[in-house]
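Reading through the structure tokens given below for one structure.
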Amino acid sequence: MNHARLELCHEPLKVSRLPFVPEKLGDMVVILIRIGILVCLIASISLAIHSAFSKPDRWFPLPEHLHASQYASVIDSGPTNISHILFGIAGSANTWHDRSNYSKLWWNPNTTRGFVWLDKKPEISHPDMLMPYKISQGWTQFKYLHSASAVRIARIVYENFKLGLPNVRWFVMGDDDTVFFTENLVTVLRKYDHKQMYYIGGNSESVEQDVMHSYDMAFGGGGFAVSYALAAQLAKTMDGCLRRYFYFYGSDQRVWACVNEIGVPLTREGGFHQLDIRGNPYGLLAAHPLAPLVSLHHLDQLDPLFPNNTQTHSMKNLISAYHLDPARIVQQSFCYDHKRRWSISISWGYTIQIYTAKLIAVDLEMPLQTFRTWRSWRDGPFTFNTRPMSSDPCQQPAIFFLDQVTKVGRSGSITIYKRFEAKEAKKCMRADINTVKVQKIRVSALKLDPEYWNNVPRRQCCQLMDGGSIKNGSMHIRIRKCRPQETVTI
């Protein structure tokens, strides 16, 4: 109604077109018009004052800088990039000094934005800690049953949003021992509209964890993403929600419950890895699902990804390949050496397996169980199928690990994988099963376009070059796009 009044006031006066009236009546019309103009002017001023000083209908006053943020989102209509993501990393003053080594593997101070949120100021602060920190506020007022830190960490979404930083589309949460593969994270989030309410992540690999918490919850260590639209809603209700769910165990469970009250379901993406497993993650990464690798968690609780290395050095090896071809890292391809009756599986940038038997595609894409469940250290169940590692050395694959990474031309790569044999491992003594003459495998590939993940994905093919010949202990394999009618068939 006020808008209509203003529109009438701004309509140009057409006094010259008034019909002829007697002189006295004309004077009266002029007076009425002047009164009308004065009324409109007073109404306009009153409406402006009311708009400036009235509080918006929300649980907390919207800071002035959030208006700038919303305006920036409107004018920046290009595709989502790393600058649109604000990270909120859960840490503590006691653990951050050691765990900050993981952040150094993926954090780029020139491109990434965000903070590690600590419970108090760290006693020791080193200049090589790349990620800036903030101290959580207001969390001690909340009641809890299990852990005060769970309440504090659950509020990171709210505290990050409350900062009001400009041009933020996504709030991404993770732990201080989480390694993110940021280019792949951008690829995943680019598929979704940040102006809609999205809650994106993955759940636990161990069924016992999902049963205890929820299959519909994004596990926080693996990381999860909250769109700007959803974060705005969460910010209104978060504190009241935390009071209602004081009896929950974890921070991610609290966030999930609050999101659930808004009515937003989990959007699952296969590249977020909580890694709720014990032992060696080799089997999982050697047969990674057909999805871009986004995150790895619990690395301190697992065997190093590469044998005879520290976990930090192992991650540096993996990341060296990732930087060369982000979309392809740990993507699986497999093919057959029909002459020798070998099955070959490649996890690009990580490992190669040669089986001296013909395995069907369903078996090759199924992870070897080199790990156990997170809580009970049992052989399962997991949220995906696994196959056992045979105790017979003649049925075990020959394993090769990434040794060298080289860029070729503008969009190509050569990766070299070196044979690994554990000193204590038993050797196959059958003469008809012999892969020992293969000591290195050279793999060539063109860079995988990130747009590949925007279409229906299809596992790429590999082929043996030079007829599968072995020269000086080395084989050459090429990974390529599968032809339209091509199948990987025994």
Side-chain angles (χ1 to χ4, degrees), residues 56-60 62 66 69-70 73-74 80 84-90 114 142 150-151 153-165 167-175 178 180 185-204 209-274 291-292 294-295 297 383 454:
D57 184 18
R58 50 179 80 236
W59 285 35
F60 63 93
L62 188 66
L66 289 189
S69 174
Q70 291 173 334
S73 296
V74 172
T80 294
H84 297 126
I85 298 172
L86 187 65
F87 289 93
I89 303 302
F142 294 92
V151 178
I153 294 168
R155 293 183 85 244
I156 289 177
V157 179
Y158 166 78
E159 292 202 271
N160 254 356
F161 179 84
K162 196 170 64 171
L163 293 174
L165 297 182
N167 207 24
V168 176
R169 296 183 181 183
W170 295 94
F171 298 87
V172 173
M173 308 300 121
D175 283 358
T178 304
F180 283 101
L185 174 63
V186 170
T187 296
V188 168
L189 296 183
R190 191 175 287 164
K191 297 189 298 183
Y192 302 99
D193 182 0
H194 64 283
K195 296 186 289 296
Q196 305 296 321
M197 289 191 285
Y198 278 107
Y199 169 56
I200 301 171
N203 45 13
S204 175
Q209 290 291 95
D210 292 318
V211 170
M212 180 175 292
H213 301 289
S214 174
Y215 280 98
D216 298 324
M217 181 184 92
F219 278 66
F224 61 87
V226 172
S227 65
Y228 187 94
L230 179 56
Q233 291 296 320
L234 277 174
K236 298 175 187 178
T237 61
M238 177 65 80
D239 285 354
C241 183
L242 292 179
R243 292 186 178 93
R244 285 190 289 281
Y245 297 105
F246 71 92
Y247 55 89
F248 274 3
Y249 179 79
S251 59
D252 45 9
Q253 194 177 23
R254 286 169 164 83
V255 173
W256 162 73
C258 298
V259 170
N260 204 36
E261 286 193 351
I262 297 171
V264 176
L266 173 64
T267 299
R268 288 179 176 82
E269 284 286 346
F272 290 85
H273 293 293
Q274 174 76 5
V294 174
S295 67
H297 181 230
T383 54
N454 291 332

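Computed over heavy atoms, backbone and side chain alike; hydrogens, waters and symmetry mates excluded.
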Donor-acceptor contact below 3.5 Å, side chain [X] vs main chain [Y]:
X	Y	value
S295	H273	yes
T178	H297	no
S204	D210	no
R254	F248	yes
Q274	N203	no

Over all atoms of both residues, closest heavy-atom pair of [X] and [Y]:
X	Y	answer
A291	G271	CB-N, 4.1 Å
I156	G88	CG2-CA, 3.7 Å
F272	G222	CD2-O, 3.4 Å
D252	G220	OD2-N, 2.8 Å

Enumerate, atom names and distances included, each donor-acceptor pair closer than 3.5 Å involving a side-chain atom of residues 212-219, sequence neighbours excluded.
{"residue": "S214", "atom": "OG", "partner": "D216", "partner atom": "N", "Å": "3.0"}
{"residue": "D216", "atom": "OD1", "partner": "R268", "partner atom": "NH2", "Å": "3.3"}

task: Evaluate side-chain contact (heavy atoms from CB on, under 4.5 Å) for E269 paired with K191, printing each intermediate quantity in order.
output: CA-CA 11 Å; E269 284 286 346; K191 297 189 298 183; 2.9 Å; yes
Within-4.5 Å side-chain heavy-atom neighbours: [X] and [Y]:
X	Y	value
R244	E261	yes
T80	W170	yes
F161	F171	yes
Y228	K195	no
M197	Q233	yes
M173	V226	no
W256	L266	no
V172	L189	yes

message: Show, in sequence, the C-alpha distance, side-chain angles and deciding distance for F142 and F246, and conclude whether the side-chain contact (heavy atoms from CB on, under 4.5 Å) test is met.
response: CA-CA 8 Å; F142 294 92; F246 71 92; over 6 Å; no
task: Run the numbers on F87 and L185 for side-chain contact (heavy atoms from CB on, under 4.5 Å), then give the verdict.
output: CA-CA 12 Å; F87 289 93; L185 174 63; 3.7 Å; yes
- request: May I have all residue pairs that pass salt bridge (Lys or Arg N to Asp or Glu O under 4.0 Å) and include part of residues 218-234, sequence neighbours excluded?
  value: none
